[in-house]
Amino acid sequence: MLVLFGFELKKVLSRKKAFLFLLALNVVPIIASIGAMLAYLKMRSFGLGSIEYSVLVEMVQGLFTAHMKLFAWISPFFLALVVGDIVSGEAGRGHLKTLLLTPVARWQVLLAKGAAVMVFLLIAVALGGLFLQIDLWVAHSLSRSGAIVMDARESGAILADTATGLRLLTISFMTNLAMVAYFLLTALFFETPILMAFSSLILLMAMQTYVMMAPYLAKLDAAYARWLPWCFTRHLSELTDVKTIYGVLDQSLTLSSSVIREPLIGSLGWAAAFFLLALFVFHRRQILS
C-alpha cells in the first residue's frame, strides 16, 4: 500500500501542471507577503516601534485567513483537473487497466489516489502559510536587531502555535477530504478529464448556489430548503467561513466549539459516504474486459 501511495504521489507531483497549480493556489499569499514586507520596512523607517510590528502581525493573520478562504473557493477547479487526470484520464488511456493487472486490490488503488491528492493539497495550503510566516520571522529579526526597540512578544514571531496550527490543518484536511472523495466518485463515470471536470464542477456550483439561496427562499416557502441537508457544500462553507478561521487563529474557537465540531462531523460523514460509493462503483465497473 505504501509503495502504491508513493507511486501515485510521484505521478501527481511529477506533472508540470502540479507546480503551476501550487503557484496559482498560492499567488495571493506570495504577492501579499511581499507587499506586507515592503510596507513593514517603510513603516519601520518612520520609527513607529512596537506598534508597527503588531500591525504586521494582525495583517499577516488577516492575509492567512483570506488565503484559506480563497483556497477553498478556487481549489475545486484545480482539484477536478488533477483527479480527472489520474482517474478518468488513466481510464481513457488504458493506464488504469495496466495498474489493475498488478497484485493490488481496487480499494487500494482508489485509496492511494485519494491520499496522494490530499497530500498535494495540504502541501499547497502549508506553502501559503509558510510564505506569510517568513514575513514575521524576518520582521521580528529586523526589529530586535535594529535600532528600533520592539515590545518583546515572542508569540508575535509565530503565525500560529502548534495547537492552533493543528486545528487549522484539521479543518483544511476535512474540507479537502470531502471534496476529494466527491471528485473521485464523479471521475469514475467519465474517461476524459476535461468532461469530468466540467460536469462535476457544474454540479458542485449548482449545489453551492442552492446552499447560498436556500435561506432566503425558505422565507417565502419552507419547501425551498427541503434539499439543503443533502448538500455537503454547506458544511465546507461553514468550516471555511472567515469568522471561523480567524476565531481559530486568535484561539477563541477550538475544534470542540459547535460552529466547528458539527460541520467537521458532517464533512467526515459525507467524505466516507462518497468514498464508499466510489468503491462500489469502482468494483462494479468493467475495466479489464
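Here OG1 of Thr175 is found 12.0 Å from CG of Leu268. Values are rounded to the nearest 0.5 Å. The distance from the CZ atom of Phe173 to the CG atom of Leu168 is 15.0 Å, given to the nearest 0.5 Å. Of the inter-residue distances, the one linking Ile245 atom CD1 with Leu253 atom CG reads 11.0 Å to the nearest 0.5 angstrom. Atoms OG and CZ, from Ser199 and Phe190 in turn, are 3.5 Å apart once rounded to the nearest 0.5 Å. One finds the CE atom of Met174 at 6.0 Å from the CG atom of Leu264 (value rounded to the nearest 0.5 Å).
For the pair Thr244 and Glu238, the minimum side-chain heavy-atom distance is 4.5 Å or more. Contact annotation: the side chain of Trp73 never approaches that of Thr240 to less than 4.5 Å [non-hydrogen atoms, C-beta and beyond]. You'll find the side chain of Lys69 stays beyond 4.5 Å of the side chain of Thr65, heavy atoms only. Taking 4.5 Å as the limit, some side-chain heavy atom of Tyr182 sits within range of a side-chain heavy atom of Leu203. Side-chain contact check for Leu9 versus Val117: every heavy-atom pair is 4.5 Å or farther apart. By the 4.5 Å heavy-atom criterion applied to side chains, Leu204 and Phe183 are counted as neighbours. Contact annotation: the side chain of Thr164 approaches that of Gln251 to within less than 4.5 Å [non-hydrogen atoms, C-beta and beyond]. Two residues are said to be in side-chain contact when any heavy atoms from C-beta on lie closer than 4.5 Å; Arg234 and Pro263 fail this criterion.
Ion pairing between a basic and an acidic side chain is recognised when a charged N comes within 4.0 Å of a carboxylate O; Asp85 and Arg93 show such pairing.
Phe71 is not connected to Leu166 by any chain of hydrophobic side-chain contacts under 4.5 Å among Ile, Leu, Val, Met, Phe, Trp and Tyr, and they are in different clusters. A single hydrophobic cluster is not seen to contain both Trp230 and Met212; linkage of ILVMFWY side chains at heavy-atom distances under 4.5 Å, directly or through other members, places them apart. One hydrophobic cluster holds both Phe189 and Leu277 under the rule that ILVMFWY side chains link at heavy-atom gaps under 4.5 Å. Under a hydrophobic clustering in which Ile, Leu, Val, Met, Phe, Trp and Tyr are joined whenever their side-chain heavy atoms come within less than 4.5 Å, directly or via other members, Leu236 and Ile265 fall into different clusters. In the hydrophobic cluster analysis, where Ile, Leu, Val, Met, Phe, Trp and Tyr join through side-chain heavy atoms closer than 4.5 angstrom, Leu177 is grouped together with Leu255.
With Leu185 as reference, Phe274 is the one residue of Phe280, Phe275, Phe282, Phe274 to meet the side-chain contact (heavy atoms from CB on, under 4.5 Å) rule.
A 6.0 Å sphere centred on CG of Leu220 holds more than 12 heavy atoms belonging to other residues, nucleotides or ligands. Few gaps surround CE on Met205; more than 12 heavy atoms of other groups in view lie less than 6.0 Å from it. No more than 12 heavy-atom neighbours from other residues, nucleotides or ligands sit within 6.0 angstrom of OH on Tyr224. Atom CZ of Arg226 sits in a sparse spot, with 12 or fewer heavy atoms from other residues, nucleotides or ligands closer than 6.0 Å.
Ile86 and Lys113 make their closest contact through O-NZ, 2.8 Å (heavy atoms, listed as atom of the first residue, atom of the second, distance). The two atoms that bring Leu201 and Phe77 nearest to each other are CD1-CD2, 3.7 Å, heavy atoms only. Residue Ala278 comes nearest to Leu188 through the heavy atom pair O-CD1, 3.2 Å, listed as atom of the first residue, atom of the second, then distance. Closest of all the heavy-atom pairs between Arg261 and Ser256 is NH1-O, 2.5 Å. Across all non-hydrogen atoms, the minimal contact from Leu239 to Ile260 is CD2-O, 3.8 Å. Scanning all heavy atoms of the two residues, the minimum distance from Leu122 to Ser172 falls at CD2-OG, 4.1 Å.
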Inset, instruction - Verify side-chain contact (heavy atoms from CB on, under 4.5 Å) between Arg106 and Leu279, making sure each step is shown before the conclusion. - result: CA-CA 8 Å; Arg106 292 198 175 194; Leu279 282 177; over 6 Å; no
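Note on ring orientation: taking the six-membered ring where Trp is involved, the planes of Phe232 and Trp270 are tilted (angle from 30° to 60°).
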